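Comments concern the structure below.
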8 protein chains.
Amino acid sequence: MVDVQEAELRELLERVAAGELAPAAAATAWMAKERKAPFEDLGFARVDHHRRLRQGAPEVILAQGKTCEQVAAIAAAVARESPNLLVTRADAAAAAAVQKVLPEAGYHAEARVVTVRREPPVNGRGRVLVVAAGTSDLPVAEEAAITAEMFGGPVDRLYDCGVAGLHRLLAEIETLQRAQVVIVAAGMEGALPSVVGGLVSSPVIAVPTSVGYGASFGGLAALLGMLNSCSANVVTVNIDNGFVAGFVAASINRK
Amino acid sequence: MVDVQEAELRELLERVAAGELAPAAAATAWMAKERKAPFEDLGFARVDHHRRLRQGAPEVILAQGKTCEQVAAIAAAVARESPNLLVTRADAAAAAAVQKVLPEAGYHAEARVVTVRREPPVNGRGRVLVVAAGTSDLPVAEEAAITAEMFGGPVDRLYDCGVAGLHRLLAEIETLQRAQVVIVAAGMEGALPSVVGGLVSSPVIAVPTSVGYGASFGGLAALLGMLNSCSANVVTVNIDNGFVAGFVAASINRK
Amino acid sequence: MVDVQEAELRELLERVAAGELAPAAAATAWMAKERKAPFEDLGFARVDHHRRLRQGAPEVILAQGKTCEQVAAIAAAVARESPNLLVTRADAAAAAAVQKVLPEAGYHAEARVVTVRREPPVNGRGRVLVVAAGTSDLPVAEEAAITAEMFGGPVDRLYDCGVAGLHRLLAEIETLQRAQVVIVAAGMEGALPSVVGGLVSSPVIAVPTSVGYGASFGGLAALLGMLNSCSANVVTVNIDNGFVAGFVAASINRK
Amino acid sequence: MVDVQEAELRELLERVAAGELAPAAAATAWMAKERKAPFEDLGFARVDHHRRLRQGAPEVILAQGKTCEQVAAIAAAVARESPNLLVTRADAAAAAAVQKVLPEAGYHAEARVVTVRREPPVNGRGRVLVVAAGTSDLPVAEEAAITAEMFGGPVDRLYDCGVAGLHRLLAEIETLQRAQVVIVAAGMEGALPSVVGGLVSSPVIAVPTSVGYGASFGGLAALLGMLNSCSANVVTVNIDNGFVAGFVAASINRK
Amino acid sequence: MVDVQEAELRELLERVAAGELAPAAAATAWMAKERKAPFEDLGFARVDHHRRLRQGAPEVILAQGKTCEQVAAIAAAVARESPNLLVTRADAAAAAAVQKVLPEAGYHAEARVVTVRREPPVNGRGRVLVVAAGTSDLPVAEEAAITAEMFGGPVDRLYDCGVAGLHRLLAEIETLQRAQVVIVAAGMEGALPSVVGGLVSSPVIAVPTSVGYGASFGGLAALLGMLNSCSANVVTVNIDNGFVAGFVAASINRK
Amino acid sequence: MVDVQEAELRELLERVAAGELAPAAAATAWMAKERKAPFEDLGFARVDHHRRLRQGAPEVILAQGKTCEQVAAIAAAVARESPNLLVTRADAAAAAAVQKVLPEAGYHAEARVVTVRREPPVNGRGRVLVVAAGTSDLPVAEEAAITAEMFGGPVDRLYDCGVAGLHRLLAEIETLQRAQVVIVAAGMEGALPSVVGGLVSSPVIAVPTSVGYGASFGGLAALLGMLNSCSANVVTVNIDNGFVAGFVAASINRK
Amino acid sequence: MVDVQEAELRELLERVAAGELAPAAAATAWMAKERKAPFEDLGFARVDHHRRLRQGAPEVILAQGKTCEQVAAIAAAVARESPNLLVTRADAAAAAAVQKVLPEAGYHAEARVVTVRREPPVNGRGRVLVVAAGTSDLPVAEEAAITAEMFGGPVDRLYDCGVAGLHRLLAEIETLQRAQVVIVAAGMEGALPSVVGGLVSSPVIAVPTSVGYGASFGGLAALLGMLNSCSANVVTVNIDNGFVAGFVAASINRK
Amino acid sequence: MVDVQEAELRELLERVAAGELAPAAAATAWMAKERKAPFEDLGFARVDHHRRLRQGAPEVILAQGKTCEQVAAIAAAVARESPNLLVTRADAAAAAAVQKVLPEAGYHAEARVVTVRREPPVNGRGRVLVVAAGTSDLPVAEEAAITAEMFGGPVDRLYDCGVAGLHRLLAEIETLQRAQVVIVAAGMEGALPSVVGGLVSSPVIAVPTSVGYGASFGGLAALLGMLNSCSANVVTVNIDNGFVAGFVAASINRK
């Protein structure tokens, strides 16, 4: 990023040295350029077209909390600059609004995710593995898996492998140990990431889910369990945040 | 469990010693067998058929958080291997879905429980007693009672015996002292398990319920009260978790 | 209070009507008087000498958080205007500092309370009863009892009557039912006020104590339990706040 | 209560002494009587007819958490033994169900309270005052007021007197100081009880309400504020629990 | 305020001195006047007409928790004494009810705010700037902006400037540094006020919003973040409380 | 208990029928007897000698929160009626005070437990197993083990078997499956009880410990994890409460 | 800030236009300059000398959490560039360490504040008022007052004016209404800012203190109370954070 | 791991096929071997020598909560099998105890870390960057840095780069963008990881520290802030857990 900037400044200076541009005009132009932001202002949103350069991925849209109109408008703006697009936490109405402006968009209802894939996804060096403790954790696990597939797959899936029936997990030891990075989604007591962490040498990204009731307090029990994991290779993301887990897993796999 | 495994290995070795099986083929077969899990993979769920051997009871299905289709499919799979079946936290739709695939299933609407009983329940050596503090605690108390009946009854019930009218409880002192194990479901301040604990020599399984409002914080007040009980024989389960209370009570009664 | 004010204004007006006082001077005098506060400013404290009139009791000094010098100076100021004095949460050093300026002051070490009683305490119409669940609750119970004795006793005491041994409480049913108001101090699960509440027709003032460990969270479990009491005659004060319990009990007993 | 029991025992003994009754039969009869509880078992509820003797008031029914059928059945049972009746937290459906079995029942929709008053309410020695901080606190304040009127009024009301406009409260200083006991309902920061407590010599029963948003956390902010009141005469009840406030205020006023 | 009172008292005293008024009658009149509160009692609300004098702004109506009838009646009462009017947290029904009695009222649906502006708003010495981290924070940001415009604008707006794309904020450095006071609304981690605080010398009023999910706990994460800001010029208001932020910003700008 | 009472009453009645006792004297005697509590009042404590009958175990003394003098006096009183004695949470000073009055008392410093064993402990039908996740959990595990040995052993121990190295646990599968009841002490994320629960058919009593830091919040993370265990046979006790775990395990083993 | 930058760029460009500087060298120089940060790197700290320009005040040092050596070294670095200096939360040892390198530094022990004032403080247009609810709140109040005096006083103080004795506050109505901005420090229930807020038209900065016990939870009760204030002009800072309150008050007063 | 096992089984089978070993003896031997755990039982600890194979790193010892003797004994056991060793959260006494048995051990007092490095550390493909927000965060940051250096460095450090002085961070943009993975340690509001996350394309591991006071609640505010980060590449570890952050960063860098 910085190199591009310095090259542009040098070009400007050379035009000044060549007398093609007056110093005052050049100063004004450069300051204006510095201040000009590589984003698009929609009034209610500033679409960050610069993110793809800065972070290796386009801006991802969190649909929750936005009106359908806002989601669709932001999606259209992102899609003008980026071949691929991801909208998370999209209900059916938001998905339909996006599909109206981007008919090629696909909707994954269980994962509440809208995707546009006009370019093939970038795969990483190895494989990402998504493990889910129970059937109820699937929406979060799928959000993680689809995100990882988009930004740095390929992705394997192991679902309903909770610690109460450990043999279901141990049966898949080879899949576990093959992965470059493992995502583990679990609700209730959230013990699965610790157990998985003890079986593999890869980083484990733990995703607490809000599955459970009573003293699960909406996923707090699982979150605290994961943060306090006795396995040294476990990091944690927000409750139900499959997206960040998938995004970071892809980023590790791409490295 | 282990003995079965050793016997099988010996049989295999004898076939190798007898030249009936090549060592390489035997090694591959054994490792495959070891890794082959006694579960049935439905894609979204891995039904743990091994649990009945390991824990003395078939897998119980928690309907909450699953789609009706998922609940029915898992129920059908369990019922193929196990004569009896328990589905908890099932609303009317989930119950109907199960009854469609298992017409013999019964639905206990207040307890939100579906049961299939193709074999008579196993009774324990003594009696399980379920005590409820108030009328609003009945759904949780019934979930506990039905579970205990299925896995190790018989079960007595004492309902609406809260501490504000202690004579209602003291009138039943004989029933209390006769039980092998007592389950006490209470919301609000959750004081009843402490009082019951002081009157009996059996273990008391306290179930905090989410009955109450304001600073009951969805059952948290009752939960904390029970965890801090000054009676030495009180253990606690999750808020509204009548199922675990009933399951453990049955397990104690069966011992 | 208001009547006194009106009488004084009338007197002033009569002097104006009588020509003894010019209207402007009278206006200035009255406004100054209105604004003049019946308190004594020590710089770091404003001793509220008016409280005895307004609330029927002199200002009580909370020693905690103040330096010994501050406590002694405030005590001296209060004692200039009030025959009796109460200092709560006083450690030995604070007590000694008060006794230096008020040699007649007594120190109740267990209750951490300093008292000066130059006038006999005012007794109420009936009796205040202080019940403590366990031996560890005695400091709080005694703070309540001494406070109630000072502002509206006499006081009876029943200590170590926790709900795990209910017969210890039931043996005292007559003492319980005789009281005009009952204070119940309990830590851990805080169940005792509910049980006492169900046995008496008087108001019950529940005092959660910080006795306990783990999930008692410094008295939070007991506090929540008491706030959610299923007995309709239970009100609650802050954790370990024997003083307010004793003060309100005395106030009810004096009525 | 005890004296009645002793008289009955003496009568029995005299009949034994007189040879009218065999010792064994007398022993059996007495033990049975001791164990016979003065309650009515409806299956899902044990109506405590003894409470009126023990606590000076009939059992009050908390409708929340019960089915309409349960509420109506309990109400009918209470009303068979008690002339007056109070049902709290009753929505319109519960009220209608009660009115079907007890046509004389009145419904106070704002306070969510059903009352049957076949005997005139018992008034106390003085007056109960109910103060509400804001318009939104009225449902809770009215629950308190109607309860106090039923068990020991009469009741005065001062509504919308929050501390942000202190003159609205100071204008009513005479009403405040006249009351035997003051109930203060307030949400948000719950500061009003402290201010009222500083102005009166009576006990103040603080009722935190769930009015507010964000960091009011459903009334927790107000609850904590009231528990930590710097006024020595403030006791607290559960969030939104107008009923207990009214019941205790009546009990104090009746003393 | 006090001076007005003293002048009125002097006038009264002069009438007494002049013999136009008997002292007793004057005393009664003055005390009545003192006690007469400058508010209007609607039964369920005491409209504080005095607030405009005391605080430089009329009473603002919080619609949430009040019935439509109550909101409309209070609005009508305020509007009788004040040319301008603000109703916050008004849903469409409440807005319609106000517009029925005050047809000139405007409704800002996104901000849930009703305004009547019969007098031009008072502008301050400088400008108020409202910054919002994301599109979902707009309702709160707009509540703040409209409030500030009414009580002390003018107001600039910078929306969707979250810290994940810092250049969007840095591009507006001049707007930031020009403001007399900056309001920053942000949900999720609430980091934006700290960053803004480090860039400006003005006070920053941080408004945590409930935007987010999981461990945002309804805005608690953002609230705690803002309270712990490492920038020395950041103060905080309640979650989603755009109104107070706008009111205080206007008050600072008017100074 | 009841039968004894009825027999005594019959005897009394027969003496009345025989004219050996006047009815009035008999009535007074019986009522006095009923009210006479089987406890010993030490002023600061009421030692519950009745507990051994009622609960099958003598009163256990919690030393924490009591003075050394109080602990020693209560211990002496219990030891007068009971051959065995258990004091928990005793620091060295408390232990020394007990040993002064009961020289035969032993002190287990790591477990902070004082024991007197003048009678051989009662063993149960099977074995109790105590599992600890890490070395730091030993104090709590030992408190549980010593308690269980006293009230219903024998006890096996498996220490440092945390889930991060699962093979350490799986190596002991036979010991696990042999136990009548398993106690599992674990801090940090508290995952071990769920894993153990999935391997055994016995009840599992989970003891969260305060081992950990940061978001373990003094054992809260482990407590919540255990309450939300996905294994159906897990019940929970208070943080660090090895005593209750051991007591209940013994009670189950004795059944 | 920006204008300075543009002027410097123009100068550079003019030198390039004049041929005094080659374009490449100029580009390198400018980029280096842009990246060169106006801070001083001490290894463990980066002293922000730029802050005085950006925020109108030098960097203030928070001593807590730093070693004495670190505090002294940072203080010396700041004092090399800035005439005045403020160190907060400094215990006696930290203060002594600073005084060793800066002998002119003064230590305010109660407020735990070290100050160097080599230039007279900048006063604002009006007065800052600091109000404290009780004597125990003085350390926090003094931290606020000294901070405000340094950055924009003068400052008035009103201490021990809690709401339990309202007349102590009302007596100072003129001082309250004269202030440009009011800081209110209060612990326990934290009600004072709401009451003050209702009496003045200025912004009120509420500082919750950790004064209190039990359910004050280290100042949480006061914090929540202040965040939920029903007075529209109240903003809040962190618990015990007198510094930010004083800094923002000064900033408002300077505007 | 599995392949080794299969090879060993094949060898055994070949010996059986060759008649060198009887089937029964072979079965017993294999089962024993399967059950024999690759750990060393010290009584109070089971040293997991297998971890180096399974996870690519030897067992790391958490000293906190263990006695000095236990730490030293475990350290000696680990060092018998592994050339390198890491002990975290070691105070001076624990460090000295380790150095007594392992004189080559080094102690990093600020980071509370003991290291033995008998083999050169394994470096990764890129660089790990550790950023700390303030001087007080250094102990945690150093724990992370030393851990990462041991398991997969090299490591760069950027300390005291908090968001209140953003230019201190922006000056290091090249160092930030060069790293394979970035660790960010921050207390108070914990905003720094979000800002860093927006500037880099690498994964960011956020470490909340307990630096702060009041509503930082021991690091909870920072923890929640990081979990709710709006930057998509941020994962979080436990409060003050520099070790896990360093371990996972090394693991990512090694991939």
Side-chain angles (χ1 to χ4, degrees), chain F residues 108-112 130-142 145 156-178 185-192 199 208-222 224-225 239-240, chain H residues 1 31-55 57-67 69-71 73-74 77 88-89 112 140 187 207-210 217-220 222-224 226-227 236-244:
Chain F
H108 309 257
E110 185 174 40
R112 289 165 306 163
V130 180
V131 183
T135 302
S136 308
D137 300 313
L138 257 68
V140 174
E142 276 299 303
D156 293 319
R157 289 160 168 88
L158 288 180
Y159 289 169
D160 198 19
C161 294
V163 299
L166 216 53
H167 61 297
R168 299 180 297 188
L169 183 74
L170 296 177
E172 307 282 0
I173 187 82
E174 283 163 283
T175 306
L176 283 164
Q177 295 188 338
R178 183 178 58 201
M188 300 173 93
E189 81 273 57
L192 190 55
L199 296 171
T209 71
S210 53
V211 169
Y213 56 86
S216 88
F217 296 125
L220 177 61
L224 292 181
I239 298 164
D240 290 334
Chain H
M1 181 170 101
M31 294 313 288
K33 187 180 159 63
E34 280 233 323
R35 287 170 204 150
K36 192 179 138 288
F39 57 78
E40 182 176 347
D41 195 338
L42 306 180
F44 54 84
R46 302 181 173 221
V47 182
D48 183 0
H49 294 311
H50 187 251
R51 193 165 297 187
R52 207 149 48 115
L53 288 177
R54 215 169 60 239
Q55 299 211 309
E59 186 170 349
V60 173
I61 304 165
L62 174 71
Q64 182 181 306
K66 301 195 177 73
T67 64
E69 293 68 35
Q70 292 172 334
V71 172
I74 301 173
T88 62
R89 302 217 153 217
R112 288 165 306 162
V140 174
V207 194
T209 72
S210 53
F217 297 126
L220 178 61
L223 171 63
L224 293 181
M226 291 168 182
L227 288 168
T236 305
V237 299
N238 192 8
I239 297 164
D240 289 336
N241 199 336
F243 163 64
V244 163

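These figures come from a predicted structure and were not determined experimentally. In the text below, chain A, chain B and the rest are named by the order of the sequence lines, each starting its count at 1.
- Using a 4.5 Å cut-off between heavy atoms, H:Gln70 touches chain F through its side chain atoms alone.
- Contact annotation for F:Leu158: both backbone and side-chain heavy atoms come within less than 4.5 Å of a heavy atom of chain H.
- Neither the backbone nor the side chain of H:Asp41 comes within less than 4.5 Å of any heavy atom in chain F.
- Residues that satisfy the salt bridge (Lys or Arg N to Asp or Glu O under 4.0 Å) test with F:Arg112, not counting sequence neighbours, are absent from this structure.
- The backbone N or O of F:Ala221 sits nowhere less than 3.5 Å from a side-chain atom of F:Ser216 that would complete a donor-acceptor pair.
- Top candidate by heavy-atom pairs under 4.5 Å with chain F, chosen from H:Asn241, H:Thr67, H:Thr209, is H:Asn241.
- Per-residue counts of heavy-atom pairs under 4.5 Å with chain H were compared for F:Ser136, F:Pro139, F:Gly212; the largest is that of F:Ser136.
- When only modelled atom types and interatomic distance are considered, F:Asp156 and F:Thr175 share no side-chain donor-acceptor pair under 3.5 Å.
- Residues satisfying the side chain to side chain donor-acceptor pair (under 3.5 Å) test with F:Asp160, not counting sequence neighbours, are none.
- Only the side chain of H:Leu62 comes within contact range of chain F, with at least one heavy atom under 4.5 Å from a heavy atom of that chain.
- Side-chain contact between F:Tyr213 and H:Asn238 is present, with heavy atoms from C-beta onward closer than 4.5 Å.
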